[in-house]
Amino acid sequence: MRPMSAWQNVLLTDSGFFDPFDLKRPLTPIVERFARMVSKPFSQARVLFIPAAACDEESRQLAYILRWELEKLGFLSEHIITYELDGSLSEKDVLGFDVMFFTGGWCEHLLKLIKQTHFDQLIKKFVFFNKVYVGVSAGSVIATPNIMGCFGGADNEETSALGLISAYIDCHCDLKPSLEVKQLPLPHILLHFNQALAVSSGGFQLLEDSKARHAIDWTSPPQFGVDVFRPID
């Protein structure tokens, strides 16, 4: 197996594959693009599930929900292998998966672990072999050139990231009503709950489920676990 000069299977989501306000409702355009990337029945695909960014109770709960989403889409539980970036998997092991899935949480912690274990080069090899990389929140931000790019820190070597997309990403912008697009060296993308970016070696495309766009009442902001990402029965 040789790396490809043209790759096209990076999917950077804001919040995963289902509407956070209604976890029974898939974000259809995002799921459909994901299915094309995987290019085999979900029941046959193997997922390397990496929740290493989940350092607090809220992000751990979200990681649980994201794994549930994968099973809801048709991935088999026994084909979803959790990996905490502890160095226990070889390159051959990692490249045997079809999908590499990074959950959200603490971006700085995730990037530090990736660099400490030299997993960044393996991620790029995975992508360049045209396997599927999926990011959610922090997992999407680490795909940018620098996790501090939105905050004027694009030249900080310590926070340099994977550089799979030539843009900087702010996630969960539904919850940041005053945030505006900044003039940065690269495009500044404001991702919302119902959006994702399909990224290839040639550029990126915004995916959006317009039916899942929500008008938020800021006099009573949505609460995690109550209004969004309500625990699954």
Test item: S140 side-chain N/O and G135 main-chain N/O as donor-acceptor pair under 3.5 Å: yes
Rounded to the nearest 0.5 Å, the CD atom of E180 sits from the NE2 atom of H188 at a distance of 10.5 Å
Would you indicate whether the side-chain heavy atoms of F17 and P26 approach each other to under 4.5 Å? no
message = Looking at K211, I want to see if its NZ is surrounded by more than 12 non-hydrogen atoms of other residues, nucleotides or ligands under 6.0 Å.
response = no
Hits for side-chain contact (heavy atoms from CB on, under 4.5 Å) against A53, two or more places apart or cross-chain, chain-then-number order -> L110, A138
Cluster check F151, L179: I/L/V/M/F/W/Y, side chain < 4.5 angstrom:
no
Across all chains, not counting sequence neighbours, the salt bridge (charged side-chain N to carboxylate O under 4.0 Å, His left out) partners of E32 are none
The side chain to side chain contact (heavy atoms under 4.5 Å, CB included) partner of M37 among N130, V10, V132 is V132
Quiz item: Is the distance between the ring centroids of F42 and F34 less than 6.0 Å?
Solution: yes
| message | I'd like to know if L27 and L70 are part of one continuous hydrophobic network [Ile/Leu/Val/Met/Phe/Trp/Tyr, side-chain heavy atoms within less than 4.5 Å]. | response | yes
Considering residues, nucleotides and ligands other than Y64, do more than 12 of their heavy atoms fall under 6.0 Å from its OH?
no
What one should report as the nearest heavy-atom pair of I80 and E71 is CD1-CG, 3.8 Å
Margin query: Within the 4.5 Å heavy-atom criterion, are H109 and L113 side-chain neighbours or not?
Written below: yes
(Q) Measuring only between side-chain heavy atoms, which start at C-beta, is L122 closer than 4.5 Å to H118? (A) no
Interatomic distance, CG@L12 vs CG@L207, rounded to 0.5 Å, equals 10.0 Å
Taking the side chain as every heavy atom from C-beta outward, state whether V94 and M100 have any pair of such atoms under 4.5 Å apart. yes
- Starting from the C-alpha separation in whole Å, work towards a yes-or-no answer on side chain to side chain contact (heavy atoms under 4.5 Å, CB included) for L111 and D120. CA-CA 9 Å; L111 183 63; D120 48 346; over 6 Å; no
K112 meets the side-chain contact (heavy atoms from CB on, under 4.5 Å) criterion, sequence neighbours left out, with Q116
Residues 36-57 vs side chain to side chain donor-acceptor pair (under 3.5 Å), sequence neighbours excluded, gives K40-D98, D56-S59, D56-W106
Students should find that the hydrophobic cluster of V226, defined by side-chain heavy atoms under 4.5 Å apart, otherwise consists of none
query = Quick one: does V31's side chain get under 4.5 Å of F18's, heavy atoms only?
reply = no
Across all chains, not counting sequence neighbours, the side-chain contact (heavy atoms from CB on, under 4.5 Å) partners of S90 are K92, D93
Rounding to 0.5 Å, atoms NZ (K124) and CG (L164) come to a distance of 7.0 Å
**Prompt:** Is there a side-chain contact between L89 and L48, using heavy atoms and a 4.5 Å cut-off?
**Reply:** yes
So CG of L62 and OG of S15: to nearest 0.5 Å the spacing works out to 7.5 Å
Heavy-atom distance under 4.5 Å between the side chains of P51 and R60, does that happen here? no
Next item on the list: Keeping the roles fixed (side chain from D14, backbone from H172), state whether a donor-acceptor pair exists under 3.5 Å.
Entry: yes
request  = Following the transitive rule for hydrophobic clusters with a side-chain heavy-atom cut-off under 4.5 Å over Ile, Leu, Val, Met, Phe, Trp and Tyr, establish whether I165 and L190 coincide in one cluster.
outcome  = no
Taking the side chain as everything from C-beta on, heavy atoms only, tell me whether S77 gets closer than 4.5 Å to R67.
yes
Check your understanding: Between F102 and Y133, does the ring centre distance come in under 6.0 Å?
Key -> yes
(request) Just say parallel, tilted or perpendicular for the rings of F229 and F193, cut-offs at 30° and 60°. (result) perpendicular
CG/D22: more than 12 non-hydrogen atoms of other groups inside 6.0 Å
yes
* side chain to side chain contact (heavy atoms under 4.5 Å, CB included) evaluation trace for I147 with I142 -> CA-CA 6 Å; I147 64 169; I142 64 165; 4.2 Å; yes
- Message: Grouping I, L, V, M, F, W and Y whenever their side-chain heavy atoms are under 4.5 Å apart, do F129 and I50 come out in a common cluster?
- Response: yes
Are I81 and I123 co-members of a hydrophobic cluster defined by side-chain heavy atoms under 4.5 Å apart? yes
Rounded to the nearest 0.5 angstrom, the CD1-CZ distance for I189 and F204 is 4.0 Å
Exactly one candidate in Q195, R25, H192 meets side-chain hydrogen bond (donor to acceptor under 3.5 Å, both in side chains) with D209; the answer is R25
Rounded to the nearest 0.5 angstrom, the CD1-CG distance for I30 and L197 is 9.0 Å
Of all heavy-atom pairs linking N156 and E158, the shortest is OD1-N, 3.0 Å
Item checked: Intermediate values then yes/no, side chain to side chain contact (heavy atoms under 4.5 Å, CB included), L95 and F126 -> CA-CA 6 Å; L95 294 178; F126 192 89; 4.0 Å; yes
| Checking S201 side chain against W7 main chain: does a donor-acceptor pair fall under 3.5 Å? | yes
Show, in sequence, the C-alpha distance, side-chain angles and deciding distance for E69 and L73, and conclude whether the side chain to side chain contact (heavy atoms under 4.5 Å, CB included) test is met. CA-CA 6 Å; E69 288 188 0; L73 290 177; 5.6 Å; no
For L85 and A52, the nearest pair of non-hydrogen atoms, with its separation, is CD1-CB, 3.8 Å
